[in-house]
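Nothing fancy with the numbering, it's 1 onward along the sequence.
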Amino acid sequence: MGDKIAEIFNSFQTYLVNEEVSREEIRAIVRDLEKNSRDISMILQNIHNEDSMKENMIVYEYCTTSRTLFGQVRSNYARLADVVPKNEYYKYHDQWRSVTQKLCFLASLIIYLEIKVLLNKSTAAEMLGVSNDREDGFHLDLEDYLIGLLQLSTELSRFAVNSVTNGNYNRPIEIARFINDLNAGFKLLNLKNDSLRKRFDSLKYAVKKVEEVVYDLSIRGLKPSSAIEHTK
C-alpha cells in the first residue's frame, strides 16, 4: 500500500474512532434522560390511583415534583447539545428520538393536569431545555413533539376510565372535549409522515374510548348536570 493511500485510510480511521467516542458519549447521556423519564413517569402514574376527594391537591403535588425532575432533564439536554456537533443533529437524532417523544408526552401531561390546556411546542422546548428553532442547531424536532401529544391522548383516555372508577364523573367530560379538540387539530395536518400517520390511529381510538365512557355515564344518569348543560 502506498504512503498516500495509507495516509488517506489512517484519516478515515481517526474519523471513525472519534465518531464512536461521540456516539458513546451520546448513549451515556441518553441513558440518563431515559432514567429521568422513568422517574417522572412513575410519579405521574399515581394520578390513576387517587380518589376524587383528595385528587386535586395530590395531583398538584405530583406535577410539582415532576417539574423539579425536569431540572435534571434540562441539564442532560445541555450536556447532549455540547456533545452533538451543530451541523450533525440529524446524524445522531435517532439515539434520543424516543426519549424526547416520551418527555414531550410527560411535559404535556403536566400542563394538562395543571391548567387543562395543550402544551405548545415552544413551552415543550423550554421544559426540555432545548431550542424551539431548528436553525439554532440542537432543537426540539416537530415530529417528536407531535408524537408526544399522541401519547398524551392515550394516557388521557386511560385517565378518563380510571377517574370514573375513582368517583370523578366530571373529568371524562373535560377529557372528551380536550381530546376531540386535539383530534380536530391533527386532522388539519397532511400526515404524509409514515410514523405520524400510523400513530394518529391511537388518537382516533382514544376519542372513541372516551366517548364511550361519556355515553356510559349518560345512560347511567351519572353525567354531571353542568356537563349536560354545556353539551346542549
Side-chain angles (χ1 to χ4, degrees), residues 40-41 44-52 55-56 59-60 62-63 66 100-127 132 140-232:
I40 295 169
S41 182
L44 292 177
Q45 284 301 302
N46 288 310
I47 64 174
H48 297 285
N49 304 323
E50 303 303 335
D51 65 61
S52 59
E55 60 191 356
N56 288 335
V59 165
Y60 174 78
Y62 294 149
C63 291
S66 297
T100 299
Q101 294 168 358
K102 179 70 175 294
L103 287 165
C104 282
F105 148 60
L106 293 171
S108 66
L109 179 58
I110 289 171
I111 294 297
Y112 177 80
L113 292 171
E114 289 178 339
I115 54 177
K116 304 294 188 298
V117 301
L118 181 67
L119 171 74
N120 62 46
K121 185 171 175 285
S122 60
T123 302
E126 181 181 343
M127 290 182 70
N132 187 42
L140 174 58
D141 182 73
L142 176 60
E143 180 182 331
D144 293 343
Y145 162 73
L146 291 174
I147 289 178
L149 297 186
L150 292 174
Q151 292 177 11
L152 173 67
S153 68
T154 300
E155 186 71 7
L156 288 182
S157 67
R158 178 183 168 219
F159 194 28
V161 173
N162 290 332
S163 293
V164 172
T165 302
N166 293 329
N168 187 323
Y169 304 137
N170 191 58
R171 178 171 285 127
I173 316 298
E174 296 173 345
I175 291 175
R177 294 182 196 130
F178 179 84
I179 291 183
N180 272 298
D181 287 345
L182 184 60
N183 186 46
F186 267 92
K187 284 183 176 178
L188 296 176
L189 303 178
N190 183 12
L191 296 178
K192 294 182 178 180
N193 179 295
D194 284 342
S195 179
L196 276 173
R197 191 170 62 247
K198 290 175 183 176
R199 289 172 182 261
F200 180 58
D201 288 340
S202 66
L203 175 54
K204 292 185 284 187
Y205 177 76
V207 170
K208 180 181 178 182
K209 186 175 181 179
V210 174
E211 286 179 345
E212 288 173 351
V213 172
V214 173
Y215 176 73
D216 187 59
L217 287 175
S218 298
I219 62 174
R220 291 165 58 194
L222 297 174
K223 189 173 182 180
S225 57
S226 59
I228 295 173
E229 291 298 321
H230 185 85
T231 55
K232 284 183 178 180

Does CD belonging to Glu212 count more than 12 external heavy atoms closer than 6.0 Å?
yes
Using the side chain to side chain donor-acceptor pair (under 3.5 Å) criterion, which residues pair with Glu114? Sequence neighbours excluded.
Arg67
State, with a plain yes or no, whether a side-chain heavy atom of Ile111 is found less than 4.5 Å away from one of Asn120.
no
Check: Phe159 and Leu109 side chains under 4.5 Å, non-hydrogen atoms
no
If you take all heavy atoms of Ala124 and Tyr145, which pair is closest and at what distance?
CB-CD1, 4.0 Å
Heavy-atom count around Lys187 NZ within 6.0 Å, excluding the residue itself: above 12?
no
Taking all non-hydrogen atoms of both residues into account, name the closest pair between Val213 and Pro172 and its distance.
CG1-CB, 3.9 Å
Between Asn183 and Ile179 (side chain of the first, backbone of the second, donor and acceptor by atom type, cut-off under 3.5 Å), is there such a pair?
no
Quick one: pull up SG in Cys104 and CG in Leu150 and give me the separation to the nearest 0.5 Å.
11.5 Å
Go through the structure and list residues passing ring-ring contact (aromatic ring centres under 6.0 Å, His included) with Tyr112, not counting sequence neighbours.
Phe178
Between CD1 of Ile147 and CG of Leu142, what distance do you get to the nearest 0.5 Å?
10.0 Å
Test item: Gln45 and Arg158 side chains (from C-beta on) under 4.5 Å apart, heavy atoms
yes
Are Phe186 and Leu146 close enough that some pair of their side-chain heavy atoms sits under 4.5 Å apart?
yes
If you look at every heavy atom in Cys63 and Leu113, which pair is closest and at what distance?
SG-CB, 3.7 Å
Minimum heavy-atom separation for Tyr62 and Leu44, please, with both atom names.
O-CD2, 4.1 Å
Give the intermediate values and the outcome of side chain to side chain contact (heavy atoms under 4.5 Å, CB included) for residues Leu106 and Ser66.
CA-CA 9 Å; Leu106 293 171; Ser66 297; over 6 Å; no
Looking only at non-hydrogen atoms, find the nearest pair between Asp144 and Gln101 and report the distance.
OD1-NE2, 3.1 Å
Do Val164 and Tyr169 make a side-chain contact, defined as non-hydrogen atoms from C-beta onward lying under 4.5 Å apart?
yes
Restricting to non-hydrogen atoms, name the atom on Ala125 and the atom on Leu140 that form the minimum distance, rounded to 0.1 Å.
N-CD2, 3.7 Å
Rounding to 0.5 Å, atoms CG (Leu118) and OG (Ser108) come to a distance of 7.5 Å
Side chains of residues 201-211: which donor-acceptor partners sit under 3.5 Å, not counting sequence neighbours?
from	atom 1	to	atom 2	distance (Å)
Asp201	OD1	Lys204	NZ	3.0
Ser202	OG	Arg199	O	2.5

Once you round to the nearest 0.5 Å, how far does CG of Leu152 lie from CD1 of Ile110?
11.0 Å
About how many Å separate CG of Leu156 and CD of Glu174, when rounded to the nearest 0.5 Å?
11.0 Å
Euclidean distance, Asn46 CG relative to Ser41 OG, rounded to 0.5 Å
10.0 Å
